[in-house]
Amino acid sequence: MKFATILLSAVVAVTASFATAQERVTYKSAKSTSSYYQMGVQIAEAMKEGTDGGVIVTVEESQGSVQNVMEVRARGADYVFTTPPALIGLAQQGKAMFDGKSDPAFDTIRALFPIPSLTMHFVVSDASGVTDFSGLEGKTILLGKGSFGAREGEKYLGLFGLEGKVDLAEVELSNAVAALKNGQIDGFVTAGSYPAPNVIEAAATTGVTVLSLDDDQIGQTKRTKLVIPAGTYAGQDDDITTTSLPVAAFTTISMSDDVAYQLTKTFWEQREKMGEAAPWWNGVNEGLMSSITSKLHPGAIRYYKEIGYALTDAQM
């Protein structure tokens, strides 16, 4: 009798442990001051809520997308990270920043779902009178330093014949809105998921125009076309056509199919609710799936097949 009681207690204890089992995932995003880190925190909260605590996500700060990819070599099955899909191809081919750093682990990388794209914003004050890129000649523009937006902005000025014809302000991007309001600069360039907080602030306090690119200019940049819907920013009556660098969440084939399925399913089921709290999620839709040009995780594929999404050969 005593043995039976002990055995029953053991069974109950084991059953309880399975019932309360949690999947723990590490999500590596970007610097803690970035919008992408905030997105990681929101995803962590969404995963916890959407799985009733079944999936617990710990967000880690990183120095950027390249580091996130490189860490695949030393990480386990619980690793999820964000990076532009284009970097996965470069890593697997050992090109560009991955030249001489090839590793078999890169071939195990698989995608889960897209997240908000890095979106280019060329912001000019209404007082500047600028309505298109040609109007930037002779104006003072803040690009910032070291960021994707700064590098991309400088590239565009060169592509559009404005190199040396624009005065570049020596001001930190964090001071852009104040500098614009005080008339120290005519405009600034920033890259981030839309709606971008600094553009929201500038539009509300100063009055701005976000410049659109035409199809020829977009073609020159070799970036992805993106449309920011009218009404996204104060005073914005028309759509803004600009460029973007798609970003997605990835893991490796070491992650179990069930966990990858759960992460992908919960992300899409919670996306609308996340969008109510942070509008940048509203730009994530089925259309962004085409930006994932590498293989999806088998667990993610299971979910996309369930909802009837047509996958490409490259994603399979």
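Below, all heavy atoms of this structure are taken into account, side chains as well, without hydrogens, waters or symmetry copies. Starting from 1, each residue takes its place in the sequence as its number.
Evaluation of the ring pair (Phe, Tyr, Trp, His ring centres under 6.0 Å) rule for H297 yields no partner, not counting sequence neighbours. Shown here are the ring pair (Phe, Tyr, Trp, His ring centres under 6.0 Å) partners of Y37, two or more places apart in sequence or in another chain: there are none. By the ring pair (Phe, Tyr, Trp, His ring centres under 6.0 Å) test, F250 is found to be paired with F81, residues two or more places apart in sequence or in another chain being considered. Take Y36 and apply the ring pair (Phe, Tyr, Trp, His ring centres under 6.0 Å) test, not counting sequence neighbours, and it matches no residue.
Criterion: ILVMFWY side-chain heavy atoms under 4.5 Å apart, direct or through other members. Under it, L226 and M289 are not part of a common hydrophobic cluster. L173 and L157 are not part of a single hydrophobic cluster, where members link through side-chain heavy atoms under 4.5 Å apart. Using a 4.5 Å cut-off between side-chain heavy atoms of Ile, Leu, Val, Met, Phe, Trp and Tyr, with links allowed through other members, L159 and V166 fall into the same hydrophobic cluster. Hydrophobic clustering (side-chain heavy atoms under 4.5 Å, transitive across Ile, Leu, Val, Met, Phe, Trp, Tyr) keeps V210 apart from V189. Note: the hydrophobic cluster containing M120 does not contain F188 (ILVMFWY, side chain heavy atoms under 4.5 Å, direct or indirect links).
Remark: of the listed residues D257, T264, D258, D258 is the sole one forming a side chain to side chain donor-acceptor pair (under 3.5 Å) with R302.
Side-chain atoms of T26 and E60 include no donor-acceptor pair closer than 3.5 Å. Between Y194 and S244, the side chains place no donor N or O within less than 3.5 Å of an acceptor N or O (distance only, hydrogens not considered). A side-chain donor from one of T266 and Q262 sits under 3.5 Å from a side-chain acceptor of the other. Between Q38 and Q42, the side chains place no donor N or O within less than 3.5 Å of an acceptor N or O (distance only, hydrogens not considered).
Under the 4.0 Å criterion applied to side-chain N and carboxylate O atoms, E154 and R151 are not assigned as salt-bridge partners. Ion pair E61/K31 not flagged as a salt bridge, since none of the NZ, NE, NH1 or NH2 atoms sits closer than 4.0 Å to an Asp/Glu carboxylate oxygen.
D186 places no side-chain N or O within donor-acceptor distance of the main-chain N or O of S128, the cut-off being under 3.5 Å. The main-chain N or O of M255 is never found under 3.5 Å from a side-chain atom of T251 such that the two would form a donor-acceptor pair. Between the side chain of E23 and the main chain of V259, no donor-acceptor pair closer than 3.5 Å is present. Looking at S62, its side chain does come within 3.5 Å of a backbone N or O of G64 through a donor-acceptor pair. Judged by distance alone, with hydrogens and angles left aside, the side-chain atoms of R73 form a donor-acceptor pair with the main-chain N or O of M70 at under 3.5 Å. No donor-acceptor distance shorter than 3.5 angstrom exists from the side chain of E137 to the backbone of L162, with no hydrogens or angles considered. Counting only distance, with no hydrogens or angles, the side chain of T119 and the backbone of S117 share a donor-acceptor pair below 3.5 Å. Judged by distance alone, the side chain of E152 and the main-chain N or O of G149 form no donor-acceptor pair under 3.5 Å. Between the side chain of K155 and the backbone N or O of T221, at least one donor-acceptor pair lies under 3.5 Å. Remark: side-chain polar atoms of S290 are paired, donor with acceptor, to backbone N or O of G287 under 3.5 angstrom.
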Test T252 against V72 for side-chain contact (heavy atoms from CB on, under 4.5 Å), laying out the working first.
-> CA-CA 8 Å; T252 70; V72 165; 3.8 Å; yes
Go through the steps for I56 and V25 under the test side-chain contact (heavy atoms from CB on, under 4.5 Å), then give the verdict.
-> CA-CA 6 Å; I56 300 298; V25 174; over 6 Å; no
Begin with the C-alpha distance, continue with both residues' side-chain angles, and end with the deciding distance and a verdict on side-chain contact (heavy atoms from CB on, under 4.5 Å) for F113 and I292.
-> CA-CA 8 Å; F113 48 79; I292 297 178; 5.7 Å; no
Going through the checks in order, is the side-chain contact (heavy atoms from CB on, under 4.5 Å) test met by N282 and V284?
-> CA-CA 5 Å; N282 296 329; V284 178; over 6 Å; no
Go through the steps for Y156 and Q217 under the test side-chain hydrogen bond (donor to acceptor under 3.5 Å, both in side chains), then give the verdict.
-> CA-CA 9 Å; Y156 290 16; Q217 290 170 326; over 6 Å; no
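Ring planes of F133 and F160: perpendicular class, angle over 60° (limits at 30 and 60°). Ring geometry for W268 versus Y304: interplanar angle over 60°, hence perpendicular rather than tilted (30 to 60°).
Considering every non-hydrogen atom in both Q270 and G50, the closest pair reads NE2-CA, 3.6 Å. Here the closest heavy-atom approach between residue V130 and residue K139 is recorded as CG2-CE, 3.8 Å.
Rounding to the nearest 0.5 Å gives a distance of 5.5 Å between CG of L245 and CG of L118.
Applying the salt bridge (Lys or Arg N to Asp or Glu O under 4.0 Å) test to pairs two or more places apart or on separate chains, those with a residue in residues 268-297 are E49-K273, K265-E269. Listed by first and then second residue, the salt bridge (Lys or Arg N to Asp or Glu O under 4.0 Å) pairs involving residues 92-121 amount to none (not counting sequence neighbours).
I88 is listed as a side-chain neighbour of V69, based on a closest heavy-atom distance under 4.5 Å.
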